[in-house]
S.K.: 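Sharing a structure below in structure tokens format, with a few things to ask.
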Amino acid sequence: MASKPGPLSRWPWQDLGNYKYALVAPWAVRSTYRFVRSGSGERDLLAFAVLPVLLLRLLYSQLWITVSRHQTARSRHRIVNKSLDFEQVDRERNWDDQILLTALLFYAVNAAVPVAQSVPWWDSRGLLVAALLHVGPVEFLYYWLHRALHHHYLYARYHSHHHASIVTEPITSVIHPFAEELVYFTLFAIPLLTMVGTGTASVAVANGYLAYIDFMNYLGHCNFELVPRLLFDVFPPLKYLMFHSLHHTQFRSNYSLFMPLYDHLYGTADKSSDDLYERALQGRAGEDAPDVVHLTHLTTPASLLRLRLGFASLAAAPAPPASRYGAGSSSSSSSSLAAVACPLAALLGWTRTAFRSEANRLHKLKLETWVVPRYTSQYLSKQGLYAVGRVVEKAVADAEASGARVLTLGLLNQANELNKNGELYVIRKPSMRTKIVDGTSLAAAAVLHMIPEGTDEVLLLGDAGGNKMAGVLASALCEREIQVHVVDKDLYESVKQQLRPETHEHLLHLAEWWSHSAKTTKVWLVGDRLTGEEQRRAQGGAHFVPYSQFPPGAVVRADCVYHSTPALVVPDAFEDLHACENWLPRRVMSAWRAAGIVHALEGWDAHECGARVTGVDKAWRAALAHGFRPYDRYGAN
């Protein structure tokens with residue numbers, strides 16, 4: 001909200017959430033029914049077009065969000081190179097309010113003005129009327145309205161809400177209090193109502209005018225320059241007709257809507273706009289080279305929409321926990337997301353290259369997240385594993401070619417079956433400059449932090465399967481003289497080979513699940529899978545502590561404590577973080593991802609992959625020294 005919200009700042013449907021779209025339903029049903037029942041010459045084309053235009057505008061706006069975020073993730077051509085945060089995402093999550101308001105006003109005016117019910121598809125006269133009225137009264141009145149909104153009284157009560165976003169995104173352009181948006185709609189109604197009143201209105205021009213407003217609004221707020229210099233070179237007067245914005249950093253200039261003609265006439269055009277335009281096109285030298293690349297992958301088709309490039313509000317909230325062997329939530333909202341995502345997922349299946357999803361900064365480090373366009377099920381499929389392996393190997397090669405100092409392997413990108421925790425890439429290219437970090441040491445340290453103080457024995461679940469994490473974790477526990485009980489015989493033998501002989505006495509194999517030790521152990525360290533039957537064997541108050549990258553399974557015990565997957569809270573200096581990492585909360589990062597950042601900050605010149613281990617205590621001390629903090633959903637952070 002504005003710093004001192006004025007009257008009518010709240011939108012009428014603010015408390016309805018997504019149910020606000022029910023307001024359109026009666027109008028849409030009425031217009032569709034009348035369209036179908038009327039004869040071909042009597043149909044109300046304008047009212048019938050409102051619903052499809054609303055849907056197209058929503059899709060169009062989302063495309064702008066995705067393209068803009070993909071472009072700004074490259075960071076080199078940003079206009080304002082500052083951090084975007086969760087607070088801004090929350091403030092701008094209702095960007096669709098103005099689209100909904102447009103639809104309702106179109107329906108209402110159409111119902112109240114009979115002549116609007118008989119407009120044709122096209123009338124070229126209306127195009128001229130709309131163009132002249134926009135260049136004249138609309139732009140002129142908007143200029144003076146905008147200047148008035150920057151007077152301290154109106155600014156504090158209304159316009160400051162819009163200017164709270166210094167780093168703009170396309171949708172920032174439509175984030176205003178309700179009263180301010182109503183005034184804008186009054187201005188934009190001048191060409192529309194004039195066309196209706198003069199008999200020159202048409203469905204194409206009326207909705208084309210809306211499309212023009214959307215395009216110019218988004219173009220002026222996308223935080224990178226999209227208009228090529230060639231256009232201004234070929235037609236120099238274009239600088240008076242097309243706006244490139246500096247307004248969100250220079251509040252006392254550039255008040256025009258889309259055409260800076262009136263800024264030039266009244267002396268409010270910022271003199272640095274042209275220089276800024278040139279710098280933004282040229283880009284910042286060296287900005288494209290990341291220091292650390294985190295390579296992750298999609299979990300389900302619906303997870304595509306939860307990326308930073310997807311739905312901003314979904315990306316800014318933790319996803320429902322999804323185990324390695326199945327989806328987590330089966331709610332109606334998850335089913336709806338899956339239905340929307342499936343066509344996109346099918347298109348993405350044709351790509352063979354990881355794509356950049358996120359760019360962050362910590363001090364002088366440039367950090368990027370790349371996404372392998374494959375799903376968990378494909379990693380677990382024998383048929384799909386080879387194809388996945390080629391995509392991951394190409395991403396590793398691309399990371400080195402980009403100059404990245406460190407590459408971390410997230411989720412199943414470090415699976416033993418795929419690349420032996422990343423060791424395969426080092427074997428194939430021993431001279432690799434980019435350091436492969438699987439993050440085992442820091443992840444093990446994060447697990448140790450979640451174990452309740454005073455614990456003297458734990459139950460270690462999982463299977464052998466090349467589980468490096470289990471071995472490192474068991475070794476650290478045995479070094480601390482904590483008894484480690486293991487049920488799986490193969491896992492026991494695998495872990496035992498990784499221990500120093502003098503610590504073998506702290507590793508015990510349980511021959512049976514129902515042994516007394518298994519039933520009474522209060523701390524269970526669990527891998528990728530924890531069945532309901534296994535959970536029911538634990539005594540009340542037991543702690544289930546995952547040591548895997550995925551949540552181990554559904555929660556079935558209300559009397560037990562379920563801890564988070566290994567993760568850390570990022571330092572306060574961590575910039576441009578406005579998307580959650582899978583099921584983790586805001587500003588919390590998986591320990592595997594954090595490990596690569598710590599590796600680069602420390603300047604360690606060694607891989608941590610395959611059998612190589614940085615050291616649990618060494619990694620933990622370094623992480624804390626650089627501002628990372630322990631995270632546990634149920635513990636004190």
S.K.: Rounded to the nearest 0.5 Å, how far apart are CD1 of I175 and CG of D97?
M.R.: 7.5 Å
S.K.: What about H563 and H449, are their ring centers closer than 6.0 Å?
M.R.: no
S.K.: Give, for atom CZ of R587 and atom CG of L577, the distance between the pair rounded to the nearest 0.5 Å.
M.R.: 5.5 Å
S.K.: Check whether more than 12 heavy atoms from other residues, nucleotides or ligands sit under 6.0 Å from atom CG of N18, and answer yes or no.
M.R.: no
S.K.: Tell me every residue that passes ring-ring contact (aromatic ring centres under 6.0 Å, His included) with F544, counting only those two or more places apart in sequence or in another chain.
M.R.: W524, Y562
S.K.: Who pairs with R586 by salt bridge (Lys or Arg N to Asp or Glu O under 4.0 Å), at least two apart in sequence or on another chain?
M.R.: D90
S.K.: Do Y425 and E393 come within less than 4.5 Å of each other through their side chains, counting heavy atoms only?
M.R.: yes
S.K.: Does a side-chain N-to-carboxylate-O contact under 4.0 Å join E368 and R356?
M.R.: yes
S.K.: What residue pairs, at least two apart or across chains, pass salt bridge (charged side-chain N to carboxylate O under 4.0 Å, His left out) with a residue in residues 613-626?
M.R.: R480-D617
S.K.: Could you go through Q549 and T565, starting from their C-alpha distance and side-chain angles, then the distance that decides it, and tell me whether this counts as side-chain hydrogen bond (donor to acceptor under 3.5 Å, both in side chains)?
M.R.: CA-CA 6 Å; Q549 299 211 38; T565 51; over 6 Å; no
S.K.: Going by the rule side chain to side chain contact (heavy atoms under 4.5 Å, CB included), which residues pair with V588 if we only count those two or more places apart in sequence or in a different chain?
M.R.: A567, V569, L584, P585, Y631
S.K.: Thinking salt bridges, do D96 and K20 make one under a 4.0 Å N-O criterion?
M.R.: yes
S.K.: Looking at residues at least two apart in the chain, or sitting in another chain, which of them share a side chain to side chain contact (heavy atoms under 4.5 Å, CB included) with D576?
M.R.: R78, S83, L84, N360, H578
S.K.: Who are the salt bridge (Lys or Arg N to Asp or Glu O under 4.0 Å) partners of E169, not counting sequence neighbours?
M.R.: R69
S.K.: In this structure, which one of W583, Y379, W592 forms a ring-ring contact (aromatic ring centres under 6.0 Å, His included) with F550?
M.R.: W583
S.K.: Hey, what's the ring geometry for Y60 with Y218, parallel, tilted or perpendicular (30° and 60° as the breaks)?
M.R.: tilted
S.K.: Does Y19 have its ring centroid less than 6.0 Å away from the ring centroid of W13?
M.R.: no
